[in-house]
Chemist: 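Structure provided below as structure tokens; questions to follow.
Quick note: residue numbers are just sequence positions, from 1.
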Amino acid sequence: MPKVVRVTETGGPEVMTYTERDVPEPGQGELLVDVDAAGVNFIDTYHRSGAYPLELPFVPGLEGAGTVSALGSGVDRFRVGDRVAWGHTLGSYAEQVRVPAEQAVPVPDGIDSATAAAAMLQGMTAHYLVASVHPVAAGETVLVHAGAGGVGLLLIQLVKARKATVITTVSTTEKERLARSAGADEVIGYQDFSSRVRSLTGGRGVDVVYDGVGRATFDESLASVCPRGMLALFGAASGPVEPFDPQRLNSAGSVFLTRPKLADYVRTREELEWRAGEIFDALAGGRLTIRTGGSYALSDAARAHADLEARRTTGKLLLLP
């Protein structure tokens, strides 16, 4: 019987249990996939803790890659034996998972399953931020928080590919080294970072802040944006932002604020294939690299969550069934 990680009550990492279940049968339009690697992301911790409520019990994990082992009725896009990846299918912390065929993309030859799994959710998140939420233009200056994290390292590379300047925040010397190796122009700490950003930009501020940290950085992120710039709040690693007065956007210089999520930027098959295709092409061409900061056995999912939430990790975390 295939193994899974199951959440039966919300709470800390300890509420995740490693157990068995019957072999799932793919329904209409679904693939049954033998999972080679599942990605670990902050949103998984929000689901587990109840910050983003889900019906209990559930199997966490949205992202992975593997090999198709069975097809549901009506599937003509894939065949048994195809390698596929996905970035928005709940239940991925498992040895086998049912994936809607419309949410899966083929993994190109030359890209291994671990890399494909690592690229999907975080890679497409970085892509929609720099290509759609605020399309970065040459000559702009961008602030990326948590520059040594999985999304942060990808954002730095994608912004630099667009010939913009990157300022990024990190918390340790080792994380500074990783951010600089990804191409960051300026690496700063979190303390009073808005003053440092203003100094580095001659008082102007940055064109866009990509903020996945949330509560702990929000106020200074807003203070770092230039007039008519944008604050893209795409995560809440430090907790959700408190409600605030929209008049603050006026006072900050007619600043734009958005709280985007990946699902709204892969609403069509064409958009999903475009984003995943550009990420895979960049990986295959050596223009983009993904750092795997830790690989854990599926049975060690609780430890992966604990390490992620304690900021003991860099880059991408994977579970290997």
Side-chain angles (χ1 to χ4, degrees), residues 41-47 51-52 62-63 87-88 120-147 149-162 164-169 190 193-194 197-198 201 204-268 270-272 274-276 278-279:
N41 298 284
F42 263 106
I43 193 172
D44 304 340
T45 71
Y46 307 156
H47 291 156
Y52 291 2
L62 296 173
E63 173 187 51
H88 202 70
M120 289 300 293
L121 193 151
Q122 292 185 342
M124 290 196 297
T125 295
H127 187 278
Y128 85 71
L129 288 170
V130 305
S132 300
V133 170
H134 175 92
V136 175
E140 289 189 330
T141 303
V142 175
L143 174 61
V144 174
H145 283 308
V151 176
L153 289 169
L154 294 170
L155 278 170
I156 291 169
Q157 294 174 77
L158 294 180
V159 170
K160 291 305 297 179
R162 289 171 170 255
T165 297
V166 177
I167 304 170
T168 190
T169 51
Y190 286 98
F193 68 81
S194 60
V197 167
R198 290 287 174 179
T201 58
R204 176 179 179 271
V206 296
D207 295 280
V208 59
V209 178
Y210 295 126
D211 188 341
V213 176
R215 179 185 298 165
T217 52
F218 179 78
D219 288 336
E220 286 201 62
S221 289
L222 188 59
S224 300
V225 183
C226 72
R228 292 164 53 183
M230 176 178 285
L231 169 50
L233 182 70
F234 68 93
S238 66
V241 173
E242 298 294 333
F244 81 109
D245 182 355
Q247 178 62 24
R248 290 180 60 190
L249 302 178
N250 178 315
S251 301
S254 300
V255 166
F256 294 89
L257 170 67
T258 183
R259 180 58 176 91
K261 65 179 184 293
L262 175 60
D264 290 326
Y265 286 86
V266 288
R267 293 180 67 86
T268 67
E270 292 73 21
E271 196 168 33
L272 172 64
W274 168 51
R275 297 197 192 283
E278 290 209 346
I279 293 297

Chemist: Between Phe42 and Val151, does a side chain to side chain contact (heavy atoms under 4.5 Å, CB included) hold up when you go through it step by step?
Modeler: CA-CA 11 Å; Phe42 263 106; Val151 176; over 6 Å; no

Chemist: Any side-chain to backbone donor/acceptor pair from Thr141 onto Thr165? Under 3.5 Å, distance only.
Modeler: no

Chemist: Which residues pass the salt bridge (charged side-chain N to carboxylate O under 4.0 Å, His left out) test with Arg198, sequence neighbours left out?
Modeler: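 Arg198 satisfies salt bridge (charged side-chain N to carboxylate O under 4.0 Å, His left out) with no residue once adjacent residues are dropped.
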
Chemist: What verdict does the side chain to side chain contact (heavy atoms under 4.5 Å, CB included) test give for Met230 and Val133, after you've listed the backbone C-alpha separation in whole Å, the side-chain angles of each residue and the deciding distance to 0.1 Å?
Modeler: CA-CA 9 Å; Met230 176 178 285; Val133 170; 3.7 Å; yes

Chemist: How many angstroms lie between atom OG1 of Thr201 and atom CD1 of Ile167, to the nearest 0.5 angstrom?
Modeler: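 It comes to 6.0 Å.
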
Chemist: Is it the case that the ring center of Phe244 lies less than 6.0 angstrom away from the ring center of Phe218?
Modeler: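 Yes: the rings meet the under 6.0 Å criterion.
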
Chemist: If the condition is side chain to side chain donor-acceptor pair (under 3.5 Å), which residues does Arg248 pass it with, not counting sequence neighbours?
Modeler: Asp219

Chemist: Run the salt bridge (charged side-chain N to carboxylate O under 4.0 Å, His left out) test against Glu271 and tell me which residues pass, sequence neighbours left out.
Modeler: Arg275

Chemist: Check side chain to side chain contact (heavy atoms under 4.5 Å, CB included) between Arg228 and all other residues, then give those that pass, not counting sequence neighbours.
Modeler: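 Once residues adjacent in sequence are excluded, the partners of Arg228 under the side chain to side chain contact (heavy atoms under 4.5 Å, CB included) criterion are Ser254.
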
Chemist: Just by distance, do the side chain of Tyr46 and the backbone of Ala237 share a donor-acceptor pair under 3.5 Å?
Modeler: yes

Chemist: Do Phe256 and His134 have ring centres separated by under 6.0 Å?
Modeler: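 No, they do not, as the ring centres are separated by 6.0 Å or more.
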
Chemist: So, Thr169 side chain and Tyr190 main chain: donor-acceptor pair closer than 3.5 Å or not?
Modeler: no

Chemist: Does atom NE2 (His88) have a neighbourhood of more than 12 heavy atoms from anything else shown, all under 6.0 Å?
Modeler: no

Chemist: About how many Å separate CE of Met120 and CG of Leu272, when rounded to the nearest 0.5 Å?
Modeler: 6.0 Å

Chemist: Between Tyr210 and Leu129, is there a donor-acceptor pair closer than 3.5 Å when you use the side chain of the first and the backbone of the second?
Modeler: yes

Chemist: In chain order, what residues pass the salt bridge (charged side-chain N to carboxylate O under 4.0 Å, His left out) check against Asp264, with sequence neighbours excluded?
Modeler: Lys261, Arg267

Chemist: Just by modelled atom types, is the Asn41 backbone N or O under 3.5 Å from a matching donor or acceptor in the Asp44 side chain?
Modeler: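 Yes: the side chain of Asp44 pairs with the backbone of Asn41.
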
Chemist: Ignoring hydrogens and angles, tell me if any N or O in the side chain of Arg215 forms a donor-acceptor pair with the backbone of Pro240 under 3.5 Å.
Modeler: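 Checked: pair present.
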
Chemist: Applying salt bridge (charged side-chain N to carboxylate O under 4.0 Å, His left out), can you list everything that pairs with Arg204, at least two apart in sequence or on another chain?
Modeler: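 With neighbours one apart ignored, the set is Asp207.
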
Chemist: Would you check if there is a donor-acceptor pair between the side chains of Glu278 and Trp274 at a distance under 3.5 Å?
Modeler: yes

